[in-house]
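Just so we're on the same page: letters track the sequence lines, and every chain starts at 1.
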Amino acid sequence: MEHYPEELRTPPVTLVCIVGHQDLHATISTHLHSEQPPINTLALPDFTKISIIDKSPKENDNQLPSAYTSSGIIKRDWLLKHRTRVPAVVAALFDADQLSGDPAQWLQVCTDLENLKAVIKGRNIKLVVVVVVRFNSKDSITEDSLASLRKRAEVDAKYVITFIPDDASELNQSLNRLGNIFGELAVTFYRDEGRRVKTRLEKKSYGSIEFNVRYCFKVAIYAEFRRDWAEALRMYEDGYHALREMIGTSTRLPPIQRLVEIKMVAEQFHFKISTLLLHGGKVVEAIKWFRQHNASYKKLTGPTEINFFHWEWLARQFLVFAELLETTNATISSPASTVADRTSSDWEFRPAYYYQLAAQYLKEKKSCVEIAVSMMPAETDESCDSIVPSLYVGQYARLLDLGETSVMQLITDEDYTLFALTEEGKKLGDSTEIIALLKKAYEAYNNLKFQRAASFCTLLMAKEYFLTSDYTNSKQHFDKLTSLYRQEGWVTLLWEVLGYLRECSRKLSSAQDFISYSLEMSALPISSISSLQEMKDCGPAGSPSLKQVENIHKEVFAIVREETLNEEGENMGGIEVNSDHPLHLEIDLVSPLRVVLLTSVAFHEQIVKPQAPTSITLSLLSQLPSPVEIDQLEIQFNQSECNFIIVNAQRRESSSISHIHPDRRVETVPVIQLFTNKWLRLTYDIKSVNSGKLECTYVIARIGPHFSISCGAESPANMHDLPLWKFEERLEASPTKDPAIAFSGMKVTQVEEPDPQVDLILGSTGPALVGENFLLPVTLTSKGHSVESGELKINLVDTRGVGLLSPRETEHTSSSDNLHVELLGVLCDPTQDNNDGIRKVQQSFGLVSVPFLNVGDSWSCNLEIQWHRPKPIMLYVSLGYSPSSGAPKVHIHKSLQIEGKTPVVISHRLMLPFRRDPLLLSRLKRSPESGQTVSLPVNETSILVVNATNCTEVPLKLLSMSISEDDATQKNKAKTTCTIQSGIDNDPTLLVPGEEFKKVFTVKPELNASKLNLGSVCLRWRRDHESSKEVVTKQSLPDVNLESPPLVITLECPPHGVLGEPFTYFARIHNQTKLLQEVKFSLSDSQSFVLSGPHNDTTFVLPLSEYILSYKLVPLSSGSLQLPRVTITSVRYSAGFQPTTAASTIFIFPSKPQFLSEPEKKSIPADQAPQQITA
Amino acid sequence: MIVCIAVVGHQNNPLYIQSFTEADDALKLHHIVHCSLDVVDERVNNPKKSGPMLNETFLGLLYPTENYKVYGYLTNTKVKFILVTTDLDVRDADVRNFFRRFHSAYLDAVSNPFHVPGKKITSKTFAERVSNIVKSVSFHTTG
Amino acid sequence: MAPAVPRSGDAIFANVERVNAELFTLTYGAIVRQLLTDLEEVEEVNKQLDQMGYNIGIRLIDEFLAKSNVTRCVDFRETAEVIAKVGFKMFLGVTASVTNWDTEGTSCSLILDDNPLVDFVELPDTCQGLYYCNILSGVVRGALEMVSMKTEVTWIRDMLRGDDAFELQVKLLKQVPEEYPYKDDE
Amino acid sequence: MVREVSESCMDSLLTEIVSSYCNRFYATKPELAARRIEAIGYQVGHQLTERYTIERPRFNDHLEAIKFICKDFWFELFKKQIDNLKTNHRGTFVLQDNKFRWLSRVSVDPSVEISGAAQEPSVMSENKSAQATGLHLYFPCGIIRGALSTLGIPCAVTADISNLPACSFVIRIKV
């Protein structure tokens, strides 16, 4: 819009004029300006200046008779004049003093008024008289003085006002008063003016159609002054249409200039109209109007030599309208309206659309200018220098200098054209402007998320840059486009863009880009579009066709092969690939060049043995239009030892061979050539050295001495997800023949670790025995491998997988004694065990380093394990080593289950003294079967028998058995409660499996405590061979109750009798209490004896004394006989009891025997004759 | 007269595009078709804007260029048909009718077993059929 | 057992369960395309199609005999007629005509003007040499073999290759009536 | 008048696809065979959908599309509609056909085994019919997937035949 003069762009503002009393001007004008609607002020310091608003100067040069200048549609400066020099109202300011008092001054006032009236009369400008008075003297002004003033000024009373500057409130009032009067008068002024012109229109009293138009314009402007938009709009439209009429009819000017003038005027009308419509929110109407405006002028291009003007004009129409749309926020128009009439689509509501077209027409103009200039006569006579814009809008004339006055002389179309063209020449190129417009459009589209339209603008910009050979910018813009076109598969569009990019990179001589773009282009699926007819202006690359594609292909490979091209040799500009400029392209999964070279690599096996050869299939595919020959392929793996090179026999000489690593594996094939969309499949064996992942990373194709493409290897399995052509109808064969590999083949395989060649032997000797340090020999013998940095891992695991601590025990801290099984240590043979580097041993885990072993060597160690409870466990031993230094580790695992058994079972028995039966009340009360928790009589010597049974399969040597007091009891007994004596310590005895060993102890409780702890049996034993160490097995004995028996019976009789010989038999009843005990006793008869003595009776036994029953017995038969049984019943305790049968048996010899005491002793079995030593 | 007709796939990729005009503006037509996709997207993505004709396959006028009018049609299977014509005032009915016929031609083309779903339509029969349809229709409004 | 007269193909077709032909046509088309991508070689595809047809033929014959009341097909000439008029009709809903008998009556042509298999089909240039309908020849061969007629079936004309009709030449190689497996099927 | 062919043509074709793919071409790789059969179904589904949705306003949401599959689409194929449609409203739909035609024929058809055995000796011979049934189902699954993705709804489809002859297809829409 800045093309238009200010006065046209903005709605007109009322102009008033104040004269005299300069000091107040500032205040007044600022006030007026802030009025609503604002009023501009033309301030004249004093009355001498009023001539400025006088008609005269221009009027009279109108008077000057000049046929040509008279005619024109709209005066260039008319509007400006009315906004700056022709006030609607003039206010004359006088000081009150001038009125009253000095007549000279009054006279002055009158003359001033006269002059003023004279000036404004012609224009019927309204007049206001302002009297300025001081606040204090405001009453000094007399009615009649004002009246006389009014008469002088010939204005009615209300237009004579007083103005009081020196009091705030008064000043305000005065200003407002002034403002209102101005406003009122201005409206009337403009109305009258408007009406005046309008009547002429209505009376059709205008000479030519030009006047018609002009009058419409004026009326409209006056209406605008009054803010009567409707009226204004109406008049503008009338004018516009009238103007359109003229095109055919008017003959006033030479055709070109006439057209130019009309367009210029039409432009102004149009601008006014659209502005009014848009500001009135009538967007749809505005657009309809614009469409029609555009339609009615579009065709009027005028003759070719000048038609660039037309295009420029048209472009401006679009640009201005776009700007108007943009400024009126009404652009987001109601959707209803857009859909309602299908004839106008949403697009027409978008400034972007107009910007874009503006650019398009400007481009049009540009090309026209170029043509016109080319046709312009070389020598430009300076005549057109004197040509200037004339008085009228859109007219030009030659300024003839006639001495004192100068004359506007009409010019010929030729002159005009020449002039216009030279003007063009002075202007700077349109390109920048075009690009600016496109940029605007681009941004507008972007905001609407119209990415494609935006891209189109980008394309146009890029092309413009290209034309102005700003290749850097051009390339940069084109580059933005490729991704969209690729992604959406618009091959034709991509083709055009790439074509430009290719040229740009050529111009910028960037080989890298040039080659890449060329390759991509030549690999484009042209076939799918070549069905279309030949297309023109597809950019530098020409129409996409197979031939074209092949040419590009040829050119590229000529360059990389460093051949000299025959005819198109020169057009490949500065692009060269050679030793100074080698070129290396990378192609990955997402690269657009994937179609140029696609490599798929598949191992035939997912898992391979090291050193064992496996097959790898390498498939290459190219979409390039013509066959591509590759000099050599370099296949790279993550394990670089596996890298190898495939050489094309045809191209041996190619220098690229030279820089092959000498010890590289090199395969040669007769020829490596890729045909369009045909897989080239090569299969090779490959050996991996190291275990672990083996992955093919890159395949590098060398073409020509200094060009290579390195292509990320792909797995066939993953290629289904990334088809080469998303949208193209192309048969896509699978990279390998074998469907399985095609479906699941991978470019990576797993290399296992080599088989171990070392024996690991766990020697196991039967079950382990609880308590002993069980030694388990581990032997490893190296066959085939030497063992380096070997490491032995030992692990004890519960057979049921559970840990070695039983859950109950785990809570209290796992001290070794609640650990069932424990790895005590690893005993290595000191002779071999040179390095003792790592040796970690925990309760169930051990780690031992193994010294270096040569092939054939062997090494062994013993695991020392101890069982605390009988339990089967699993022993895992694993050896990790590397066959040679640096080589990856190899692992062997062995495991063995070992049973832990209890070696001996220990049991015991307690017995009372012989033929002496204490009355133990507890025993009576208790039920017989639970007689086990024994109770012992205090101060009586009883007997403890302990037996140990060997329950293993091996003989055990029993070293000793003893009873030790538990440290527990040690504590809680101050003085000994009992003495335990053992028999003679027997020398070690050998127990065969299952055999039982007995030992007898006597126990004599002394103190009367209720309980007695007997301590624990302690057995020292070892396996029956010297090497094995002795083991101590402890087993604590159960506690026994103690009680002092009230009564004790002792039977006394000789050790034996002889048949028929009498002997005496006493039964002593001791009363150990301090009470008198009543005792019943009875004696049962016996067949084997005749006896004399009391049978049964009741008697009293005195405290702490004894009562003796004595009998005389005569044996009647021989052998071991039961003595007559005595039964005692204590009345107090109502407890009867008998001596044990054992106690009351006697042996009767048939006749008196003869023997020594020695054998006699022997003859008695151990259990009946306790070895007894009484303290 | 119809100057260009295009079938555009799910990812806004051209499945078929044919212009019926002297060669030199074929590419321009491709650009026009491509840009028109913006409007289709807009229409479909914010239905409120497209109001009543929400699910209708016929999308109506997409956008006017200086010398063309571009119409759109969106099948239930998200395939777009774009029509570019030089006739500046056209009855919707005629365009609808054209699209209907074009659609059935398209159907038989994609029913060809050798047509891969979502890929370009290369069938010659289709091409012939389309050009026949195009020849047969005329959008000249009778006043 | 009285030799029942063969029922007319139309009658049978009217009574059998039928499905939308589009489904059938498209399915077959999809198979052919898939075979082309999997087997790559056109020749191989022809072979497999024929094989599939054969397998189908040896199964369909039962249904055919059951529904059509054709008890024994001793005479090749008659058999050909039955296939053309009844067989094609009851399965594909179209009839073929039998022509081009050679003198000794061991070879003839089945001619199909209408063939549901090829609706919508247009052979791409890459598939020249493909016998799109090869499954049909297989079916005929298989079916005839089950009624102990060893035949050789070849395509003479193919509309997809621009001919005006589909012509299937059936050549009788040998016939073994003794081995006729379907003695009496009550 | 819509063109028709005998149903046994269709059945034989299906049986044959399965047996040739899992007995002849990919005998040792059922998963490959399955993939191919599914692909065949996919194309059919795609093409049928293009045909059956002509002259029909566009679907607003997934549910509408699924309903179309259950009603019109299914009817075109099987002369019956899906019997039961369930959804978790989070992109998973279960379409149950109480008597799925293609299974009712297939699973009882003994010739599957026969032809299978004829083609190649005793590879994966056991529960062949079960396997054949399974492979048959890849075809309809493919059809459904093809149909939906043609309607712009990418998804995964599986079949469940735990209670024959009913068969339910589970559609999981990819978000």
Side-chain angles (χ1 to χ4, degrees), chain B residues 2 4-11 13-20 26 57 73-82 97-137, chain C residues 19-46 48-50 52-53 56 92 112 114-136 138 155 158-166:
Chain B
I2 297 177
C4 184
I5 179 76
V7 181
V8 181
H10 283 191
Q11 283 116 317
N13 52 309
L15 295 177
Y16 177 84
I17 179 162
Q18 179 66 45
S19 46
F20 306 91
T57 46
Y73 183 96
L74 177 59
T75 74
N76 213 326
T77 58
K78 310 287 183 292
V79 176
K80 309 175 181 77
F81 302 157
I82 306 292
N97 177 35
F98 168 83
F99 275 129
R100 195 170 296 112
R101 293 171 61 192
F102 184 80
H103 193 170
S104 58
Y106 164 79
L107 272 191
D108 291 353
V110 294
S111 300
N112 175 1
F114 297 101
H115 165 74
V116 187
K119 304 252 172 145
K120 285 211 168 73
I121 301 174
T122 51
S123 153
K124 293 178 193 56
T125 359
F126 178 64
E128 287 159 20
R129 226 173 124 183
V130 169
S131 57
N132 290 338
I133 298 176
V134 168
K135 281 199 202 72
S136 67
V137 298
Chain C
V19 294
N20 185 330
E22 280 178 352
L23 172 62
F24 173 69
T25 312
L26 295 177
T27 307
Y28 181 68
I31 295 173
V32 177
R33 207 200 98 246
Q34 192 61 51
L35 288 179
L36 276 165
T37 41
D38 293 344
L39 306 176
E40 288 185 35
E41 306 308 328
V42 171
E43 272 324 303
E44 182 61 15
V45 174
N46 288 338
Q48 291 301 339
L49 285 176
D50 179 77
M52 294 170 85
I56 293 176
L92 296 181
L112 277 172
D114 181 12
N115 176 356
L117 279 183
V118 299
D119 296 349
F120 327 117
V121 178
E122 179 185 356
L123 280 190
D125 314 341
T126 54
C127 299
Q128 302 312 333
L130 171 71
Y131 286 103
Y132 185 83
C133 303
N134 224 26
I135 197 162
L136 285 184
W155 287 101
D158 184 337
M159 285 169 104
L160 292 179
R161 300 168 158 214
D163 302 328
D164 53 356
F166 288 95

Proximal component of C:Y132, with respect to chain B [non-hydrogen, under 4.5 Å]: side chain

Interface residues of residues 97-111 of chain B facing chain C - heavy atom cut-off under 4.5 Å: B:D108, B:S111

CG on B:N112 to CG on C:L26, rounded to 0.5 Å: 10.0 Å

Heavy-atom closest pair, residues B:K124 and C:E122: N-OE2, 2.9 Å

C:V32 portion near chain B, given a 4.5 angstrom heavy-atom threshold: side chain

Smallest separation among heavy atoms of B:P113 and C:F120, with atom names: CD-O, 4.4 Å

